[in-house]
**Q** 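Pasting in a structure now, in C-alpha cells, and then I'll have a few things to ask.
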Amino acid sequence: MSIELTLPDGSPLVLDDGATGYDAAAAIGPRLADAAIAVKVDGAARDLHAALPATGTFEVITADGEEGRHILRHSAAHVLAQAVLGLFDGATFAIGPPIEDGFYYDFDIGRPFTPEDLEAIEARMAEIVAADQPFEREEFPKERALEVFADHPFKVEIIQSVDEGEGAAGDAVSAYRNEQFIDLCRGPHVPSTGRLRAFKLLRTAGAYWRGDDKRPQLQRIYGTAWETPKALADYLDRLEEARKRDHRKLGVELDLFSFPQELGSGLAVWHPKGAITRMIMEDYSTRTHLAHGYDLVSSPHIARSHLWQTSGHLDFYAEGMYPAMELDGGDEYLLKPMNCPFHILIFRSRARSYRELPMRMFELGTVYRYERSGVVHGLMRARGFTQDDSHMFVTEEQLAGELQSLLDFTLMVLRDFGFEDFEADLSTIPEKYVGDPVLWERATAYLADALDNAGIEYAVAEGEGAFYGPKIDVHIRDAIGRRWQISTLQVDFGQPENFGLEYATAQNTRERPVMIHRALFGSVERFFGVLLEHYAGALPGWLAPVQATVVPVADRHLDYAREVAAGLANRGLRVEVDDADETVGEKIRRALLAKHPAVLVVGDTDVDEDTVGLRLRGEDEERGVPLGEAAERIADLCAAPR
RNA sequence: GCCGGGGUAGCUCAGGGGUAGAGCAGCUCACUCGUAAUGAGCAGGUCAGGGGUUCAAAUCCCCUCCCCGGCUCCA
C-alpha cells in the first residue's frame, strides 16, 4: 500500500504508507519541510506529524500565510494558557481563539491581571517556547474528557455543547497536550512550542463568558504572534502608526474639534478649522445629491412620542433614545435618533402618484442616540451626530434600478474622497421579519446584482438583515489597511406599512411604495474621523482648512505677502499670512506641521519680480515661481473633485 | 451598563501627606532672517467636581463626571 497525493499544481506525490505531512513536505523539498507548520488534505488542516490518508489533495501550510499565522496564534494561545495555569493556583480557563493579528485567552484567576502579571506570564511563555515542547494530540470520549477537565467548569460546558465539529469524530473530543498542560482543542497546532518565534502580550480586558453580559465576566489577555521577529516588529510599528493617526489626537493637534467635559460624553464642538472642512464636506454632499435627482428636505430635532410609536422606534429602539421631555400639558417629546419618520411624513403630506416615483429625499439630519457609556469613541461613536441621510420611495418595479443607481452613486462619492478599495456585506432575511418573503428574496437578489455590476467583492451575512429588510453595508480600506464600515443601503418593507403609505397607480389603484434608507458618509463626524486617520491629518487640498500659507522673509515683505494672499483668496483659496515674529524656518515648520498643502515664501527678489518661493505638499521648494503660475498650481492642487 | 487603567498649566508629562514642577505652546522685548525650532524675560493651576479622614490632602478613603483599552451594544 502507498499514499497517493495530488499537489496544488496537479502533479502526483507517492509516499510509503504511514507517511506524515512532514514526510510529504520533505519529499517536495527540504526548505518547504522546514517552513511547514501544518498541512492541508482535501482542504482540511491537519497536524504536520499526523499520518496521512491514502489519497487526497495535499497542500503545505507555512507560517507566513494567513492560515499558517492562524495556527501559530492558536498555538500561542495554548502557551499563554499553559503559563497562566502554571503561575496562578486555582486558575481556570475558558476559550482562547486566534483573531485578526493575534489571539486572546479568557481566564478566571479570582482577580484581574496586573501589568506585572503580564510580564511574568510573558516570561513564562518564553521559557515554554525555549523548552520546545511538542504539541501532542489526544482523543478520548466525552465522558473521559469531562473527567480530565472536571476542575474547569467552562471547559466542561464546552465539552457538553460539543457536537458540531468542535471535537473529533462522533462522541470523541480532541485535546492537545504539552507536558502537564492539556487543552481541549480541534487543532491543528504547530509541531512544538519552539516554532513560536515572535509573540507579545498586549493588554488585558474584562470579557463576558460566551459574550453574554448575564454570565460571569472573565479576564481576557490579548496577545499577538507572528512568523518572524521582523513581522512582529512590523505589526507593532503599524499599531504605533495607527496611534499617531488617531483622529482624537489629530483633532487636538490641528485644532479641529474637542469634547469639553462640560458638554458630556460623546458630544463634540467644532473649532473653526474643523468646521470649515466639515462645511465643505456637507456642501459637497448637498450639491452632489441635488445634481443626482434628490430633493433637499429638512426636519426638526424633536417629535412627539406618537410619531416614534408609529415608526416602531419606541418598541425597538427605546434604549437608544434620550428620555422623553414632557411638554404642553402631558405631551411627550423625544429627540430624534433617526430621520426616517420625518421623511415619511413628507411623503404622506399629500396624495402621491406613481408619476412622482422614485422620490428621493436628502437631509443632513442631526440625530441623538444614547450610546452606552462604555462605547463612546471620539467622532467615530458619538451621542450626537449628523447623518447624510436619504430615503427613497419607489414602486416594486423600480426597486432593482434604484438600488443599482444608489450603489453607483455611493461608490462615486467615496471615490471622490480618495477611497478606492471597497468590500461589502449583504445581509439577508433573519428569522423574524416583516413583509412578503417573495419580495425579500427579490430585493436581496437585486442587491446582489447591484454589487456584481459595480464589481464590488462582498460577503453574504445570512440572517443578518434587519427585521424590516435586507441591506448592503459598504466598507472601505484605509491607507494602513484598516476596514471601516461607512455606507449602508437598506430596503425597508416595514415603515411603509407602519405609516400606511400608498400611491396612485396608472390604473388609479392604490399601491404601497417600497422604502430605501441610505446613508453615505454614514455620519459626517465619523466620516471626517476616518478621513483624518486615512490621510494622517494631511487632508486633500480641497478639504484642507488652510490651503496655503504665505511666509514673508522679513517685515518689509509683509505688504507683498498680503497682496499674494489676497490674490489667492480671490480665486477662492483659503490662505493665511504668517506674520509672526519668527524666523522663516520656524514659520515654514509651523505650516508643515499644520499640514497646509502649500507654503509660499516671499522675499526681496519676489517683491521685485512678482514671484514666490513655492513649496507644495510632498514636493521640494522652488524659487522664483511667477505669481500667476503659483496660483494656478495651488488651485489645481486644491480643486474639488466635482 | 460591566471589567481594568487614568484625569496635575493650552499640549506632553514629573511629583504620591508638609507652600505646585519641567519641556513645548502663549505673552513681552530684542533680532529682520530665503525653506522643519533665534535669544532673553514674563505670565500661566480650585491638581476633573463634591464629600470625608488628618494639625496638614494633588497625594489616603467614598461618591459623581470625563477619558483610555476591552466586553456587551450598534432594530
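Below, chains carry the letters A, B, ... as their sequence lines are ordered, and counting in each starts from 1.
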**Q** If each of Glu371(A) and Gly585(A) is mapped to the nucleotide of RNA chain B with the nearest heavy atom, which maps nearer the 5' terminus, i.e. the 5' end?
**A**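 Checking each residue's closest nucleotide, the 5'-ward one belongs to Gly585(A).
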
**Q** Between C13(B) and C68(B), how far apart are the two P atoms, rounded to whole Å?
**A**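 It works out to 14 Å between them.
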
**Q** Given that both distances must come in under 3.5 Å, which nucleotide forms a Watson-Crick or G-U wobble pair with C33(B)?
**A** none

**Q** Under 4.0 Å between a Lys/Arg side-chain N and an Asp/Glu carboxylate O for Arg615(A) and Asp620(A)?
**A** no

**Q** Return no unless some side-chain N or O of Arg203(A) is found under 4.0 Å from OP1 or OP2 of C71(B).
**A** no

**Q** Between atom CZ in Phe257(A) and atom P in C67(B), what is the gap in whole Å?
**A**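 My rounded result for the distance is 13 Å.
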
**Q** State which residue, out of Arg482(A), Lys249(A), Arg245(A), fulfils the side chain to side chain donor-acceptor pair (under 3.5 Å) condition with Glu533(A).
**A** Arg482(A)

**Q** Counting the atoms with a prime plus P, OP1 and OP2 as sugar-phosphate, which does Gly266(A) contact under 4.0 Å by heavy atoms, base, sugar-phosphate, or nothing?
**A**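 Contact class for Gly266(A): sugar-phosphate only.
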
**Q** Considering only the C1' atoms, how many Å lie between A58(B) and A43(B), rounded to the nearest integer?
**A** 22 Å

**Q** Taking the same atom, P, in A37(B) and in C31(B), what whole-Å distance lies between them?
**A**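 Nearest-Å result for A37(B) against C31(B) at atom P: 22 Å.
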
**Q** Reckon Tyr222(A) has a side-chain N or O less than 4.0 Å from the OP1 or OP2 of C71(B)?
**A** yes

**Q** Does Arg369(A) make a cation-pi contact with Phe385(A), if we ask for NZ or CZ under 6.0 Å from the ring centre and within 45° of the axis?
**A**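 Judged by the rule (NZ or CZ under 6.0 Å from the ring centre, within 45° of its axis), Arg369(A) is not positioned above Phe385(A).
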
**Q** Among A75(B), A36(B), C67(B), find the nucleotide with the atom closest to the side chain of Arg615(A).
**A** A36(B)

**Q** Find the distance Lys214(A):NZ to G1(B):C1' and express it as a whole number of Å.
**A**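 Taking atom C1' of G1(B) as the reference, NZ of Lys214(A) is at 10 Å.
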
**Q** When you check every protein heavy atom under 4.0 Å of nucleotides 2-14 of chain B, what one-letter string (B, S, -) results, 5' to 3'?
**A** BBS--B-------

**Q** Taking only the C1' atom of each, what is the distance from G44(B) to C27(B) in whole angstrom?
**A** 10 Å

**Q** Could you measure between the two C1' atoms, the one in C60(B) and the one in G17(B), and give it in whole Å?
**A** 8 Å

**Q** Of the candidate nucleotides A75(B), C33(B), A37(B), which contains the atom at the shortest distance from the side chain of Asp581(A)?
**A**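 From the listed options, C33(B) comes nearest.
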
**Q** Suppose we define a pair by two distances each less than 3.5 Å, Watson-Crick or G-U wobble; what does G23(B) pair with here?
**A** C11(B)

**Q** Measure from NZ or CZ of Arg526(A) to the centre of the six-membered ring of Trp484(A) and say whether it is under 6.0 Å with the direction within 45° of the ring axis.
**A**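 Negative - Arg526(A) is either too far from the ring of Trp484(A) or too far off its axis.
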
**Q** So which nucleotide does A58(B) pair with, by the Watson-Crick or G-U wobble rule with both distances under 3.5 Å?
**A** none

**Q** Which nucleotide sits closest to the side chain of Ser265(A): U38(B), C66(B), A36(B)?
**A** C66(B)

**Q** With C1' as the reference atom in both, quote the distance from G70(B) to U12(B) in angstrom, rounded to an integer.
**A**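 To the nearest whole Å, 25 Å.
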
**Q** C74(B) C1' sits how many Å from Arg526(A) CZ, rounded?
**A**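 After rounding, the gap between these two atoms is 10 Å.
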
**Q** Sticking with atom C1', work out how far A22(B) lies from G45(B), rounded to a whole angstrom.
**A**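 Nearest-Å result for A22(B) against G45(B) at atom C1': 15 Å.
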
**Q** Can you measure Glu262(A) atom CD to C66(B) atom P for me and round it to whole angstrom units?
**A** 11 Å

**Q** Heavy atoms from C-beta onward define the side chain here; which of U38(B), C33(B), U72(B) lies closest to that of Val553(A)?
**A** C33(B)

**Q** Respond yes when some side-chain nitrogen or oxygen of His377(A) is under 4.0 Å from OP1 or OP2 of G69(B), and no when none is.
**A** yes

**Q** Distance under 6.0 Å and angle within 45° of the ring axis: does Lys336(A) meet both against Tyr368(A)?
**A** no

**Q** Could you work out the separation of G41(B) and A36(B) based on their C1' atoms and round it to a whole Å?
**A** 26 Å

**Q** Is a donor-acceptor pair below 3.5 Å formed from side chain Arg556(A) to base U32(B), judging by atom type as modelled?
**A**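 It does not, because no donor-acceptor pair links the side chain of Arg556(A) to the base of U32(B) below 3.5 Å.
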
**Q** Let me know the distance between OH of Tyr104(A) and C1' of U72(B), rounded to the nearest Å.
**A** 13 Å

**Q** Of Val612(A) and Gln490(A), whose nearest nucleotide on RNA chain B comes first from the 5' end?
**A** Val612(A)

**Q** Describe the nucleic acid contact of Arg590(A) in one word from base, sugar-phosphate, nothing, applying a heavy-atom distance below 4.0 Å.
**A**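 Sugar-phosphate, backbone atoms only, no base.
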
**Q** Which of the following nucleotides, A75(B), G34(B), C67(B), is nearest to the side chain of Asp604(A)?
**A**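 Nearest listed nucleotide: G34(B).
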
**Q** Closest approach to the side chain of Arg220(A), judged atom by atom: which nucleotide of C71(B), A75(B), C67(B) is it?
**A**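 For the Arg220(A) side chain, the nearest candidate turns out to be C71(B).
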
**Q** For Leu593(A) and A37(B), what is the distance between atoms CG and P respectively, to the nearest whole Å?
**A**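 These atoms are roughly 10 Å apart.
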
**Q** When you measure from the side-chain N and O atoms of Arg381(A) to the phosphate of C68(B), is any distance below 4.0 Å, counting only OP1 and OP2?
**A**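 For C68(B), OP1/OP2 do not have a side-chain N/O of Arg381(A) under 4.0 Å.
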
**Q** Quick check: any donor-acceptor pair below 3.5 Å linking the side-chain of Asp606(A) to the base of G34(B)?
**A**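 Such a pair is found, so the answer is yes.
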
**Q** Less than 6.0 angstrom from the centroid, inside 45 degrees of the normal: does Arg304(A) satisfy that with respect to the ring of Tyr333(A)?
**A** no

**Q** Under 4.0 Å between a side-chain N/O of Arg589(A) and OP1 or OP2 of U35(B), yes or no?
**A** no

**Q** Under a 4.0 Å threshold between the charged nitrogen and the carboxylate oxygen, would Arg483(A) count as salt-bridged to Asp425(A)?
**A** yes

**Q** Is any side-chain N of the basic residue among Arg248(A) and Asp246(A) closer than 4.0 Å to the acidic one's carboxylate O?
**A**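 Salt bridge between Arg248(A) and Asp246(A), a charged N being under 4.0 Å from a carboxylate O: yes.
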
**Q** At under 4.0 Å between heavy atoms, what does Asp213(A) touch on the DNA or RNA strands: base, sugar-phosphate, or nothing?
**A**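 Result for Asp213(A) = sugar-phosphate.
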
**Q** Ion pair present between Asp492(A) and Arg518(A), side-chain N to carboxylate O less than 4.0 angstrom?
**A** no

**Q** Test of understanding: with side chain to side chain donor-acceptor pair (under 3.5 Å), list the residues that count as partners of His343(A), not counting sequence neighbours.
**A** Glu363(A), His391(A)

